[in-house]
Amino acid sequence: MDDRQFRTAMGKFATGVTVIATEQDGDVHGMTANAFMSVSLDPKLVVISIGEHAKLLQKIKDSQIFTVNILAEDQKELSMIFAGQIKEPRHVEFGRLDGKPVLEGAVAQVACEVSAEHVEGDHTLFIGKVTDIRLEDKEPLVFYSGKYRSLEQEVSLV
Ligand code: FAD
C-alpha cells in the first residue's frame, strides 16, 4: 500500500469542511481541516487532528484554546484561504464566541478548551472541551474525493 492509495481511500469518506482557529497575543490563526469528530456528549468533547508541519500546531499548544467553524456552502473561498490554496494574503474578519475567534456565517461555530493532546504518528490529536456553540440555518460545504461539493438533495432512507 503506498501513500497515494491511502490518501485516495481516506478521501472516499465524505466530510464537511472546517476552519480551526486559535488566538495568541491578539493574533488569530486559522487552518482548514476535515479531520474533526464529535467524541462525547457528557462531557461535551470533540477531536481535531493537526499535522506535525502545520503552523497551527504550536499555536494551539501555546494558547490551549481553539474553535471549530463548520463552513457553509457559500464559504468555499474561506476554505481555500485557510488551506493556503489561495496564496495572496486576504483580510478575514473574525467574530467572537466565548471570547474565542470564530467565522461568522459558518453553519456551526464551536468554542473549545484543550482537555488533552495525543501525538499519533505525524499528527497530534487535540481533544476539545466544548465551552459554547452557535448555529446558523445554512447548508454545509462538503469535501469528497479531493473536491469541494454541496449537498444537492436529501437521500430518503425509507
Ligand atoms: P499556513 O499554511 O501558513 O496558513 C494557511 C493559510 O491561512 C495561509 O494562506 C494564511 O495566510 C491563512 N491565514 C491564517 N490565519 C489567517 C488570518 N487570521 N487571516 C487571514 N488569513 C489567515 N491539515 C491538517 O493538519 N489536518 C486536517 O484535518 C486537514 N484537513 C484538510 C482538509 C481540506 C479540505 C484541505 C483543503 C486541507 C486540509 N489540511 C489539513 C491541510 C491544511 O489546511 C494546510 O496544510 C494548511 O496550509 C496548513 O496551515 P498552517 O497552520 O501550516 O498555516
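Order of appearance sets the numbers: ligands from 1, and atoms from 1 within every ligand.
- Assignment of Gln85 to the shell around ligand 1 is supported, since a heavy atom sits closer than 4.0 Å.
- Listed by chain and residue number, nothing satisfies the ring-ring contact (aromatic ring centres under 6.0 Å, His included) test with Tyr144 (two or more places apart in sequence, or in another chain).
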Check step by step if side chain to side chain contact (heavy atoms under 4.5 Å, CB included) holds for Gln58 and Asp62. CA-CA 6 Å; Gln58 190 58 46; Asp62 292 343; 2.9 Å; yes
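- Closest protein heavy atom to atom 4 (O) of ligand 1: His29 CE1, 3.8 Å.
- Those atoms of ligand 1 with a heavy atom of Ile50 less than 4.0 angstrom away are 25 (O).
- One finds no salt bridge joining Arg134 and Glu136 here, because no Lys/Arg side-chain nitrogen approaches an Asp/Glu carboxylate oxygen to under 4.0 Å.
- In the vicinity of Leu56, heavy-atom distances shorter than 4.0 Å reach the ligand 1 atoms 51 (O).
- Of all heavy-atom pairs between Leu56 and His29, the closest is CD1-CD2, 3.7 Å.
- If you number the atoms of ligand 1 from 1 as listed, the ones under 4.0 Å from a heavy atom of Thr32 come out as 29 (C), 30 (N), 31 (C), 33 (C), 35 (C), 38 (C), 39 (N), 40 (C), 42 (C), 43 (O).
- Note that OG1 of Thr22 and CZ of Phe66 are 9.0 Å apart. Values are rounded to the nearest 0.5 Å.
- Nearest to atom 50 (P) of ligand 1 among the protein's heavy atoms is Lys55 N, 3.5 Å.
- No heavy atom of Pro89 sits closer than 4.0 Å to any atom of ligand 1.
- Contacts between Phe143 and ligand 1 below 4.0 angstrom, taking non-hydrogen atoms only, involve the side chain exclusively.
- In the displayed structure, Gln24 atom CD is contacted under 6.0 Å by more than 12 heavy atoms of other residues, nucleotides or ligands.
- Ranking protein heavy atoms by distance to atom 14 (C) of ligand 1, first place goes to Gly30 O, 3.4 Å.
- Within a 4.0 Å radius of atom 2 (O) of ligand 1, the protein contributes no non-hydrogen atoms.
- If you number the atoms of ligand 1 from 1 as listed, the ones under 4.0 Å from a heavy atom of Gly84 come out as 6 (C), 9 (O).
- Between Phe36 and ligand 1 there is no heavy-atom distance shorter than 4.0 Å.
- Around atom 19 (N) of ligand 1, the closest heavy atom drawn from Lys147, Arg90, His91 belongs to Arg90.
- Taking any N or O of Gly51, backbone or side chain, at least one lies under 3.5 Å from an N or O belonging to ligand 1.
- Per-residue contacts place Ser49 under 4.0 angstrom from the following atoms of ligand 1 (heavy atoms of the residue considered): 24 (C), 25 (O), 26 (N), 27 (C), 28 (O).
- Counting only heavy atoms of the protein, atom 18 (N) of ligand 1 lies nearest to Val28 O, 2.8 Å.
- Any N or O atom pair closer than 3.5 Å counts here, and Ile81 shares at least one such pair with ligand 1.
- Against a heavy-atom cut-off of under 4.0 Å, Ala83 is close to the following atoms of ligand 1: 36 (C), 43 (O), 44 (C), 46 (C), 47 (O).
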Report the C-alpha distance between His123 and Leu57 in whole Å, list the side-chain angles of each, state the deciding distance to 0.1 Å, and finish with yes or no for side chain to side chain contact (heavy atoms under 4.5 Å, CB included).
CA-CA 9 Å; His123 276 59; Leu57 178 60; over 6 Å; no
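- At a distance under 4.0 Å, a protein heavy atom can be found next to atom 47 (O) of ligand 1.
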| request: Report the C-alpha distance between Glu73 and Lys138 in whole Å, list the side-chain angles of each, state the deciding distance to 0.1 Å, and finish with yes or no for side chain to side chain contact (heavy atoms under 4.5 Å, CB included). | output: CA-CA 8 Å; Glu73 65 181 353; Lys138 295 170 76 177; over 6 Å; no
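- In summary, the atoms of ligand 1 found under 4.0 Å from a heavy atom of Ala35, numbered by their order in the structure, are 28 (O).
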Open item on the list: Before you tell me yes or no, could you show the steps for Phe82 and Ile20 under side chain to side chain contact (heavy atoms under 4.5 Å, CB included), namely the whole-Å CA-CA distance, both residues' side-chain angles and the distance that decides it to 0.1 Å?
Closed with: CA-CA 9 Å; Phe82 289 105; Ile20 311 294; over 6 Å; no
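- Looking at Tyr148 against ligand 1, only its side chain comes within 4.0 Å, counting heavy atoms.
- Grouping the Ile, Leu, Val, Met, Phe, Trp and Tyr side chains by contacts below 4.5 angstrom, directly or via other members, places Phe36 with Ile50.
- For the pairing with Lys100, the side-chain contact (heavy atoms from CB on, under 4.5 Å) check across Thr131, Val28, Val110 returns one residue only, Thr131.
- Residue Met31 touches ligand 1 through its side chain alone, judged by heavy-atom distances below 4.0 Å.
- The side-chain contact (heavy atoms from CB on, under 4.5 Å) test with Val102 is passed by exactly one of Asn69, Val19, Val68: Asn69.
- Cluster membership check: Leu141 shares its hydrophobic cluster with Ile86, using side-chain heavy-atom separations under 4.5 Å among Ile, Leu, Val, Met, Phe, Trp and Tyr.
- Taking a cut-off of under 4.0 Å to the non-hydrogen atoms of Phe94, the atoms of ligand 1 that pass are 18 (N).
- At the top of the distance list for atom 5 (C) of ligand 1, counting protein heavy atoms only, stands Phe82 O, 3.4 Å.
- For the pair Arg96 and Glu104, the salt-bridge criterion is not met [side-chain N within less than 4.0 Å of a carboxylate O].
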